[in-house]
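Just so we're on the same page: letters track the sequence lines, and every chain starts at 1.
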2 protein chains.
Amino acid sequence: MPSSTVEQYIKIIYTQQEHLGRSVVPMKRLSEAMGVTPGTATTMVKHLDDVKLVSYHPRQGVLLTTKGENLALRMLRRHRLIETFLEQVLGYDWSEVHTDAERLEHAVSDRFIDKLEQYLGYPDVDPHGDPIPSSSGSIESAISVPLNACGADRRVRIVRLLDDDPEFLVCMKSYLIFPGQEFILKNSSAITGTVTLEHSDTLKPVTIGYDAAGRILVSER
Amino acid sequence: MPSSTVEQYIKIIYTQQEHLGRSVVPMKRLSEAMGVTPGTATTMVKHLDDVKLVSYHPRQGVLLTTKGENLALRMLRRHRLIETFLEQVLGYDWSEVHTDAERLEHAVSDRFIDKLEQYLGYPDVDPHGDPIPSSSGSIESAISVPLNACGADRRVRIVRLLDDDPEFLVCMKSYLIFPGQEFILKNSSAITGTVTLEHSDTLKPVTIGYDAAGRILVSER
DNA sequence: GCTACGTATTTGACTAGTCAAAATATAGTA
DNA sequence: TACTATATTTTGACTAGTCAAATACGTAGC
Ligand SMILES: [Mn+2]
Ligand SMILES: [Mn+2]
Ligand SMILES: [Mn+2]
Ligand SMILES: [Mn+2]
């Protein structure tokens, strides 16, 4: 049975691998994401390689094995089902769910997660639009593009937000930017570095920065 | 912030103190309840004394301070609210709730517990009839007596079971022995060491051993 | 008062996870 | 090619929690 520390490393390696596109995750990246010193990450990664959860390429980086990927998906499943529960059932704000899920994910049993999933009615995404892996480990994300890579005058539907920062989330919610909401993309200017949207119901205009828009995934329609 | 290990020691010291009646809990007792060697318990208890959670009386035993008692009640509150949730909401059998609660209680935040309590409608006992301490730390248990200390031909209502063993609980449930059920106490014999009950609705008779009956608390009426 | 036995404490060793700081490799630049 | 900046690895040390086994108490019985 993996310790919560191991679980956390594996989950972070997965998300970093996904985020980097490239396959190997360098130690600096990993240590920063884990909040530990680089030396600590190196030591741990060697151990993870020993137990076949990752393959370690000295001086280059680390890569999940299939076994590691399975564990990562199980952790993501736990994390996202718990977040969904906290928001939909216990009434947390979506900016608060992440912190608590971060601890709970390491304390729940498989029985708990399977019953929770059933109780929630088999949701396929969490409050941030992150897809929830099935118990068999399959995961499918809706097709989407970053908001800053979208053509102007398009009608878009918010699909997912790639940021856990509570401040960011509170702010987005106040603009009605959360999964399911629809907007018209009025203007997207690489020169000024802004993206302007108009909510399809309220018609309220919102302007956000280019990099923030990069963390918002939408589907064009 | 106390570690989960510290939380567990404190909770166990509380329940042992309650169970022994006497105030100090000897090391042997504590180490057995914790599943560690006596030496380990001694070391830990000295540390708990340093941080003022217990007062340690060498070669006699250990005793919670007020600070320790507060922590213990917070843990009991968590444990019992979680057990209630697992049974009533997620549909666990009452024999399964204990194990999962044992881990979760160390991973939940105060926010979680308070929202959970609200969601559950402020229950005052858990599935085993154990009273749930309030957020301010007050706890009140219904007046009750052990079933083996009851006069015969009395009508009794099951209040609480003092045993976590899944096998015992599954068995009791099959006899309808769980909080709220009513029985007529037909016979209680110290000689044969048995207690015979009859369910007040189904009229089905049940005979259980004297010591098992000691772990069943009832209210006479 | 002395002995035995059971309980309690001490000691030394081990594991998982961590940091600080020194040593080393690598890749880019002059 | 030689130098330098940066990433990486190594080393030694530390903490929390644990066990096994040696040692020390304390009390009940003789
Ligand atoms: Mn985590
Ligand atoms: Mn999420
Ligand atoms: Mn516990
Ligand atoms: Mn209980």
Taking atom [atom2] of [N] as reference, at what distance in whole Å does atom [atom1] of [X] sit?
{"X": "A:Leu30", "N": "D:dA7", "atom1": "CG", "atom2": "C1'", "result": "13 Å"}
{"X": "B:Gln60", "N": "C:dG6", "atom1": "CD", "atom2": "P", "result": "21 Å"}
{"X": "A:Met44", "N": "D:dT10", "atom1": "CE", "atom2": "P", "result": "16 Å"}
{"X": "B:Met34", "N": "D:dG17", "atom1": "CE", "atom2": "C1'", "result": "10 Å"}
{"X": "A:Glu32", "N": "C:dC19", "atom1": "CD", "atom2": "P", "result": "13 Å"}
{"X": "B:Glu7", "N": "D:dG17", "atom1": "CD", "atom2": "C1'", "result": "15 Å"}
{"X": "B:Leu53", "N": "D:dA16", "atom1": "CG", "atom2": "C1'", "result": "16 Å"}
{"X": "B:His57", "N": "C:dT9", "atom1": "NE2", "atom2": "C1'", "result": "17 Å"}

side-chain N/O [X] vs [N] OP1/OP2, d < 4.0 Å:
{"X": "A:Tyr56", "N": "D:dT9", "value": "yes"}
{"X": "A:Thr42", "N": "D:dT8", "value": "no"}
{"X": "A:Ser3", "N": "C:dG17", "value": "yes"}
{"X": "A:Thr5", "N": "C:dG17", "value": "yes"}
{"X": "B:Tyr9", "N": "D:dT18", "value": "yes"}

Notebook entry, point to check: Going through the checks in order, is the salt bridge (charged side-chain N to carboxylate O under 4.0 Å, His left out) test met by A:Lys11 and A:Glu102?
Noted result: CA-CA 11 Å; A:Lys11 200 187 66 179; A:Glu102 206 53 50; 2.6 Å; yes

So if I take every side-chain heavy atom of [X] and compare against [options], which nucleotide ends up nearest?
{"X": "A:Val36", "options": "D:dT8, D:dC19, C:dT18", "value": "C:dT18"}
{"X": "A:Lys46", "options": "D:dA24, D:dT8, D:dT10", "value": "D:dT10"}
{"X": "A:Arg59", "options": "C:dC19, C:dT9, D:dT9", "value": "D:dT9"}

Check: With under 30° as parallel and over 60° as perpendicular, where do the rings of A:Trp94 and A:Phe178 fit, or are they tilted in between?
Finding: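 Because their plane-to-plane angle is over 60°, the rings of A:Trp94 and A:Phe178 count as perpendicular.
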
Next item on the list: Assign the ring pair A:Tyr92 / B:Phe112 to parallel, tilted or perpendicular, where the plane angle (0 to 90°) is split at 30° and 60°.
Entry: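 Plane angle over 60°, so perpendicular.
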
Check: Are any of the side-chain nitrogens in A:Glu69 or A:Arg74 under 4.0 Å away from the carboxylate oxygens of its partner?
Finding: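 Salt bridge flag = no for A:Arg74 with A:Glu69.
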
Notebook entry, point to check: If you find the nucleotide of DNA chain C closest to A:Gly35 and the one closest to B:Met27, which residue's nucleotide is nearer the 5' end?
Noted result: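 Between the two, 5'-proximity favours B:Met27.
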
Checklist line | B:Asp114/B:Arg77 under salt bridge (charged side-chain N to carboxylate O under 4.0 Å, His left out): CA gap, chis, key distance, verdict | finding: CA-CA 10 Å; B:Asp114 293 347; B:Arg77 171 174 161 79; 3.0 Å; yes

